[in-house]
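Quick notes on the structure that follows.
Hydrogens, waters and symmetry mates play no part in the numbers below; they use all other heavy atoms, side chains included.
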Amino acid sequence: MKKVRVRFAPSPTGPLHIGGVRTALFNYLFAKQNDGDMILRIEDTDQARLVEGAEDYIVKSLAWVGILFDEGTHVGGPCAPYRQSDRKPMYRQYADQLLANDYAYYAFDTVEELDEMRDKLKAGGMSPQYDAVSRMSMKNSLTLSEDEVKRKIAAGEPYVIRIKLPRKEEVRFHDLIRGWVVVQTSAMDDKVLFKSDGMPTYHLANIVDDYTMKISHVIRGEEWLPSAPLHVMLYRYLGWADAMPQFAHLPLILKPDGNGKLSKRDGDRLGFPVFPLEWKYPTTNEVSSGYREKGYEPEGVINMLALLGWHTSDNRELFGIEELIQLFSIEKISKNGAKFDPEKAKWFNHQHLMLKANEVLAQDILPQITAKGYITTLDYVEKVIGLMKEKVTFKSEIADKSDYFFAAPKQYDEQVIAKKWTVQASDFLKQFAEILLQNETANSVDLEALFKSNAQQMEANPGSLMQPLRVALSGEGGGPPLFEMLHLIGVKECANRIHTALNLINKTA
């Protein structure tokens, strides 16, 4: 069986979209499941569109979510170099091979001549493409004499090399997601394979690189599906049909309303990230938010992306990366686009936050706590996290919303005071503070029992007294389990807080 080798081949023209991260993820899962190799190849044939820092951004983004490479620009490997601009010298020989075998031709048309040709075709109700019919009225080596072609090349006249497609032929290939795809060459362009700047286009470089790197499966976005028939023809023309990889074209990630592909503008408009890491545009200094900087857990992002277009037979939703590797199958990828749900992304983040060990989270959160001036310990912060993480979506919220675990509140929820702070509540809290001081070794279960028995003795409804107690201890109307919070803060400190609250609130009530 042919060794599984897949590649993620982005162009460094800007930040990596989460759709690209998902493409990398599906390649990674497939490779690791089949004991294969994952390769990072940078496709920078379009030199005019390169953006400074984009390649480094791609590497860092994928490392953040845990997608690591066996070969690539940053790790090397037996097929180096892995950046197409560094492989430039090797492509021309394959363009020349196509020319020699009459599968390609030189074209000397200017931009103005190409525009004129397309305008005429449009006016005649035809598709404006450079093909088996229109090429015969253009300035190329099929219409010019051999001597004229040589003269133009010798004179340094700009030219491109185009593939020479047959006028009417059926191109068939099997897509692992979409089944058989059939296209007529009459509906295809004679695409440029080699540009006037001496660089190959994506199409030629892509095929040469996939062949020379022994790529077994090409798993990429469906935006490349229209190019696949051309790539099939290139494999055939270069004599590599038997080595052609299997194709799988992934469905789009759609806007939350399902209308069209998810874009940066959708994130800006609706307030969620579409990039894994924060990105600052070099020319404008505009900043686009990233999942990492917004506080998302990389495990949650991976889980969310895996389920955009893929599912298991039992429709489970929560997975770690190792489970995804075991369960992933291309056959269960949908043909249809997957709607992005920003609220579901938050849900995944919360679920994975809950799964993380408190001691791991505490390593990140302790510095945030001490930066506020609080003196505490790692052990205590772990216990705070244990109570707080169920109530938050992002771990950054734990530090933001847990001040009362480290210091008495300075303000109290006015709505709770207006509704719940009664004479009976005040009398109960005064008595309960004294009970606390007499039960310093009580655990959370004991404290709850003391609370209820004391309320019953006063013929009060325990439910009506819980929010006043919570406000006195934390200043907040809601939060983690009340008696576990009380126990962690400590009964003596809580008794002091109740006395302080009674003095402050009763004076203003």
Side-chain angles (χ1 to χ4, degrees), residues 11 13 43-50 84 88 91-173 181-208 222-238:
S11 297
T13 55
E43 300 199 336
D44 58 349
T45 55
D46 193 347
Q47 294 284 298
R49 295 181 61 225
L50 300 187
Q84 285 184 336
K88 179 180 174 181
Y91 298 117
R92 181 61 198 239
Q93 63 180 304
Y94 298 104
D96 288 342
Q97 178 183 329
L98 292 168
L99 287 166
N101 292 327
D102 198 28
Y103 291 133
Y105 57 94
Y106 297 104
F108 301 91
D109 314 286
T110 65
V111 172
E112 292 76 19
E113 288 166 341
L114 290 170
D115 288 341
E116 182 182 355
M117 178 266 287
R118 291 174 182 128
D119 288 342
K120 285 181 180 178
L121 290 173
K122 285 180 185 177
M126 293 180 284
S127 179
Q129 60 188 27
Y130 204 121
D131 59 16
V133 176
S134 62
R135 69 191 179 204
M136 300 313 297
S137 63
M138 301 303 291
K139 195 162 59 179
N140 54 57
S141 57
L142 302 177
T143 60
L144 300 173
S145 69
E146 186 177 346
D147 288 343
E148 180 69 3
V149 170
K150 289 179 179 179
R151 187 192 66 76
K152 285 179 175 292
I153 293 174
E157 191 168 322
Y159 66 85
V160 298
I161 298 174
R162 290 181 177 272
I163 190 171
K164 183 183 176 184
L165 292 175
R167 181 170 182 176
K168 191 175 182 181
E169 187 173 314
E170 187 177 83
V171 184
R172 295 169 58 88
F173 68 94
V181 177
V182 181
V183 177
Q184 296 292 333
T185 55
S186 58
M188 297 167 61
D189 280 359
D190 283 359
K191 293 290 188 186
V192 174
L193 302 179
F194 217 81
K195 297 180 288 186
S196 58
D197 64 0
M199 284 293 285
T201 61
Y202 164 82
H203 302 294
L204 179 62
N206 176 276
I207 298 310
V208 170
E222 72 171 31
E223 62 267 26
W224 293 111
L225 185 59
S227 300
L230 171 66
H231 298 169
V232 170
M233 293 298 288
L234 280 170
Y235 274 105
R236 185 187 304 173
Y237 285 173
L238 287 165

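Between the NZ atom in Lys164 and the CG atom in Leu99 there is a gap of 11.0 Å [rounded to 0.5 Å]. The CG atom of Leu204 lies 11.0 Å from the NZ atom of Lys195; values are rounded to the nearest 0.5 Å. The distance from atom OG of Ser186 to atom CZ of Arg167, rounded to the nearest 0.5 Å, is 9.0 Å. Distance CG/Leu98 to CE/Met233: 11.0 Å, rounded to 0.5 Å. Note that the NZ atom of Lys150 and the OG atom of Ser145 stand 10.0 Å from one another [nearest 0.5 Å]. In this structure, Lys139 NZ and Thr110 OG1 are separated by 5.5 Å, a value rounded to the nearest 0.5 Å.
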Which is it for Lys152 and Leu144 under the side-chain contact (heavy atoms from CB on, under 4.5 Å) test, yes or no, and what are the steps along the way? CA-CA 10 Å; Lys152 285 179 175 292; Leu144 300 173; 3.8 Å; yes
For side-chain contact (heavy atoms from CB on, under 4.5 Å), just list the numbers for Phe194 and Val160, CA-CA rounded to whole Å, side-chain angles, deciding distance to a tenth of an Å, and then say yes or no. CA-CA 6 Å; Phe194 217 81; Val160 298; over 6 Å; no
Dump the intermediate steps for side-chain hydrogen bond (donor to acceptor under 3.5 Å, both in side chains) on Tyr159 and Asn140, then the final yes or no. CA-CA 9 Å; Tyr159 66 85; Asn140 54 57; over 6 Å; no
Check step by step if side-chain contact (heavy atoms from CB on, under 4.5 Å) holds for Arg92 and Ile161. CA-CA 10 Å; Arg92 181 61 198 239; Ile161 298 174; 3.9 Å; yes
What do the steps show when you test Asp109 against Tyr130 for side-chain contact (heavy atoms from CB on, under 4.5 Å), and what is the final call? CA-CA 11 Å; Asp109 314 286; Tyr130 204 121; 2.6 Å; yes
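Here the closest non-hydrogen pair linking Met188 and Gln184 is CG-O, 3.7 Å. Contact detail for Leu121 and Ser134: the closest heavy-atom pair is CD1-CB, 4.2 Å. Tyr91 approaches Ala205 most closely through the heavy-atom pair CE2-CA, 3.6 Å.
Under a 4.0 Å N-O distance rule, the pair Glu169/Arg236 qualifies as a salt bridge. Salt-bridge formation is detected for the pair Arg135/Asp190: a Lys NZ or Arg NE/NH1/NH2 atom is positioned less than 4.0 Å from an Asp or Glu carboxylate oxygen.
Of the possible polar contacts, one joining the Asp131 side chain to the Val133 backbone as a donor-acceptor pair under 3.5 Å is found. Of the possible donor and acceptor atoms, none in the side chain of Ser11 sits under 3.5 Å from a partner among the backbone N and O of Asp44.
Side-chain contact between Thr143 and Met138 is absent, with no heavy atoms from C-beta onward closer than 4.5 Å. Contact of the Glu157 side chain with the Ile153 side chain is not registered, since no non-hydrogen atoms from C-beta on lie closer than 4.5 Å. Between Leu234 and Leu193 there is a side-chain heavy-atom pair separated by less than 4.5 Å. The shortest distance between side-chain heavy atoms of Thr185 and Val171 falls below 4.5 Å. Side-chain contact between Arg172 and Val181 is absent, with no heavy atoms from C-beta onward closer than 4.5 Å. Residues Thr13 and Asp46 form no side-chain contact, since every pair of their non-hydrogen atoms from C-beta on lies 4.5 Å or further apart. Side-chain contact between Asn206 and Val208: absent, with no pair of heavy atoms (C-beta onward) separated by less than 4.5 Å. For the pair Pro158 and Phe108, the minimum side-chain heavy-atom distance is 4.5 Å or more.
Considering only residues two or more places apart in sequence or on other chains, Asp189 meets the side-chain contact (heavy atoms from CB on, under 4.5 Å) condition with Gln129, Lys191.
Under the 30°/60° scheme for interplanar angles, the aromatic rings of Trp224 and Tyr202 are found to lie parallel.
For Gln93, the CD atom is densely surrounded, since the number of other residues' heavy atoms within 6.0 Å is greater than 12.
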